[in-house]
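Owing to the predicted nature of the structure, the values given are computational and were not obtained by experimental measurement. Chain identifiers are assigned alphabetically (A, B, ...) following the order of the sequence lines, protein sequences preceding nucleic acid strands; residue numbering begins at 1 within each chain.
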There are 2 protein chains.
Amino acid sequence: MSPQNTLAISTDVVLFSIRNDRLEVLLAALDNGGWRLPGGGMAADEDLESSALQHLEQQTGVTGVYLEQLYTFGRPGRHPTQRLVSVAYYALAPDEQLRLRERQADGLDWFAITRLPPLALDHADIIAMAHKRLAAKLAYTTIALQFMPERFTLSALQSVYETILGAALDKRNFRKRVLAMGCLEATSELDRHGNHRPARLYRARTPGKVEFIK
Amino acid sequence: MSPQNTLAISTDVVLFSIRNDRLEVLLAALDNGGWRLPGGGMAADEDLESSALQHLEQQTGVTGVYLEQLYTFGRPGRHPTQRLVSVAYYALAPDEQLRLRERQADGLDWFAITRLPPLALDHADIIAMAHKRLAAKLAYTTIALQFMPERFTLSALQSVYETILGAALDKRNFRKRVLAMGCLEATSELDRHGNHRPARLYRARTPGKVEFIK
DNA sequence: AATATTAGTGTCGTTACAACACTATGTCAA
DNA sequence: TTGACATAGTGTTGTAACGACACTAATATT
């Protein structure tokens, strides 16, 4: 078989998080100064989703993320030396969880979605599609909760929405809407920090699950 | 390499159409009495989408459909003798177009989505996912237009919605809604048949394109 | 005790959506 | 030719959802 006829399947992961009030993506450095998505070849006896999670963990130390299949990219010629079909996933996780688990920090970095570095292959397209999907899902699912830690304030949640949508939201209307979805639960705890009134902490009723609304 | 380690990629297509006031799917017969989706192995120099279209044409004679990638199925063990990753697509086409082009009619048949025969591999799961996606997209895109011929009456379009949703719709509200989307255009022609008032024919403003609404 | 800072709450006008019934225009048969 | 039949086509009104909008509450700091 010539290299071009060598068929390989890889899985790639677009890991999003909210950092510094921006939507950011985790990338791995290449030798040539460029960057790529975490991911790699799929082993023969491995599930696609496991492959994505395993590469993510091995390359970044990140585990326990919310993962969803995005799209499969297979245009011939997208890889210079072999026929490579990539099953792309996107992953969401709260910033807090990631600070703990990024072990191999060198060779890794976060980039704001608006300021991406040069990327390998068609990884820029993959990120663009993932971003579009995320923004769309925000409108009709509870996916934003995947960015939140176990307990969080409504103000923090609002800030996540505002960051992804790139627009300010009305506080009263936001609270009405998000509570009306019925997937939040007030705890008895308060978040005390700073010189101001403490905020009630909420938690997701079904933390792992993304639900459709209305 | 052992057979289980032989990696292969296939593309499979769930072709939907509205026939007999039901949502139906086109399937190909297997030797053992079961049925399968049209599709097959991807050639090394071929795009995924082309592969899907080409298998569809070769096995069913159908061309010119609306095609969209659905999901990639890759669980190890989903195929008994090899590691098979299937990139699944779904396709939509108006019934009129298909009656003309189904050449190899033997070995092929249409099945109502509610009465599927025994299916190969996980093809039943694939069809279920395609059906769910179609029903969801009906709500927020103009995808239903892909079931319509070039010119059609509003009553015919309403009947397509009613068939997929499985519920009757109010005529006046439906017409208001669908015209407000702004992607229909009245022609000067009328559809005359039967002993009743003829209906105005409409056409899609951008026939090949599925747009998001609101 | 005063100040600074974020948390938390309700009303009202507007708009979008659902429910609803009759007239219009053609064919066909007597 | 006329009457019966069948589907096409059309507006209004009540209701529910949504957006705009400003003040009080609770804590930390000085």
A.B. asks: For C:dT27, does either OP1 or OP2 sit under 4.0 Å from a side-chain N or O belonging to B:Arg197?
C.D. replies: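 For C:dT27, neither OP1 nor OP2 has a side-chain N or O of B:Arg197 closer than 4.0 Å.
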A.B. asks: For the pair made of CG in A:Asp170 and C1' in C:dG8, what is the distance, rounded to whole Å?
C.D. replies: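 Nearest whole value for this atom pair: 13 Å.
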A.B. asks: Does a distance-only test, which skips hydrogens and angles, find a donor-acceptor pair under 3.5 Å between the side chain of B:Arg177 and the base of C:dC17?
C.D. replies: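 Answer is no: no donor-acceptor pair is held.
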A.B. asks: Would you mind reading off the distance between A:Leu169 atom CG and D:dA20 atom P, rounded to a whole angstrom?
C.D. replies: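 Taking CG of A:Leu169 and P of D:dA20, I get 10 Å after rounding.
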A.B. asks: Does D:dT7 have OP1 or OP2 under 4.0 Å away from a side-chain N or O of B:Ser155?
C.D. replies: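 False: B:Ser155 side-chain N/O out of range (4.0 Å or more) of D:dT7 OP1/OP2.
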A.B. asks: Starting at CG of B:Asn173 and ending at P of D:dT10, how long is that distance when rounded to a whole Å?
C.D. replies: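 Value for this atom pair: 14 Å.
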A.B. asks: Have a look at B:Arg200 and say if it touches a base, only the backbone sugar-phosphate, or nothing, with a 4.0 Å heavy-atom cut-off.
C.D. replies: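 If one applies the 4.0 Å heavy-atom cut-off, B:Arg200 turns out to touch the sugar-phosphate alone, with no base involved.
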A.B. asks: Classify the side chain of B:Arg172 and the base of C:dA21 as holding, or not holding, a donor-acceptor pair under 3.5 Å.
C.D. replies: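 Answer is yes: a donor-acceptor pair is held.
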A.B. asks: Between A:Arg192 and B:Leu201, just flag the one whose closest nucleotide in DNA chain D comes earlier from the 5' side.
C.D. replies: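 Result of the comparison: B:Leu201.
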A.B. asks: Side chain of B:Asn195 only, heavy atoms from C-beta on: which candidate in D:dG9, C:dC28, D:dT7 is closest?
C.D. replies: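 From the listed options, C:dC28 comes nearest.
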A.B. asks: Taking for each residue the nucleotide of DNA chain C with the nearest heavy atom, is it A:Tyr202 or B:His193 whose nucleotide lies nearer the 5' end?
C.D. replies: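 Its nearest nucleotide being more 5', the pick is A:Tyr202.
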A.B. asks: Take atom CZ of B:Phe152 and atom C1' of D:dA8, then tell me their distance rounded to the nearest Å.
C.D. replies: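 One finds 16 Å between C1' of D:dA8 and CZ of B:Phe152, rounded.
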A.B. asks: Take the protein atom NZ of B:Lys171 and the nucleotide atom C1' of C:dA24, then report the distance between them rounded to whole Å.
C.D. replies: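 Taking NZ of B:Lys171 and C1' of C:dA24, I get 11 Å after rounding.
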A.B. asks: Starting from C1' on D:dT24, measure out to NE2 on A:His196 and report it in whole angstrom.
C.D. replies: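 Value for this atom pair: 17 Å.
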A.B. asks: Using 30° and 60° as the class boundaries, would you call the ring planes of A:Phe16 and A:Tyr90 parallel, tilted or perpendicular?
C.D. replies: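 Because their plane-to-plane angle is over 60°, the rings of A:Phe16 and A:Tyr90 count as perpendicular.
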A.B. asks: Separation of B:Phe174 atom CZ from C:dC17 atom P, in whole Å?
C.D. replies: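 Value for this atom pair: 15 Å.
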A.B. asks: Taking atom CG of B:Asp21 as the centre, does the number of heavy atoms from other residues, nucleotides or ligands within less than 6.0 Å exceed 12?
C.D. replies: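 Result for CG/B:Asp21: open.
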A.B. asks: Pick the closest DNA chain D nucleotide for A:Gly194 and for B:Thr153 by heavy atoms, then say which residue is nearer the 5' end.
C.D. replies: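 Taking each residue's closest nucleotide, the earlier one in sequence belongs to B:Thr153.
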A.B. asks: Within this structure, what is the CZ-to-C1' distance between B:Arg175 and C:dA18, rounded to whole angstrom?
C.D. replies: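 To the nearest whole Å, that distance equals 17 Å.
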A.B. asks: Under 3.5 Å, is there a donor-acceptor pair between the A:Asp12 and A:Ser86 side chains?
C.D. replies: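 Distance-only check passes for A:Asp12 and A:Ser86.
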A.B. asks: Would the distance check show the side chain of B:Arg133 and the main-chain N or O of B:Leu70 forming a donor-acceptor pair, the cut-off being under 3.5 Å?
C.D. replies: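 Indeed, once roles are kept as given, a pair shorter than 3.5 Å links the two residues.
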A.B. asks: Are the side chain of B:Gln97 and the backbone N or O of B:Pro149 linked by a donor-acceptor pair below 3.5 Å?
C.D. replies: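 No, the answer is negative, given that no donor and acceptor are paired below the 3.5 Å cut-off.
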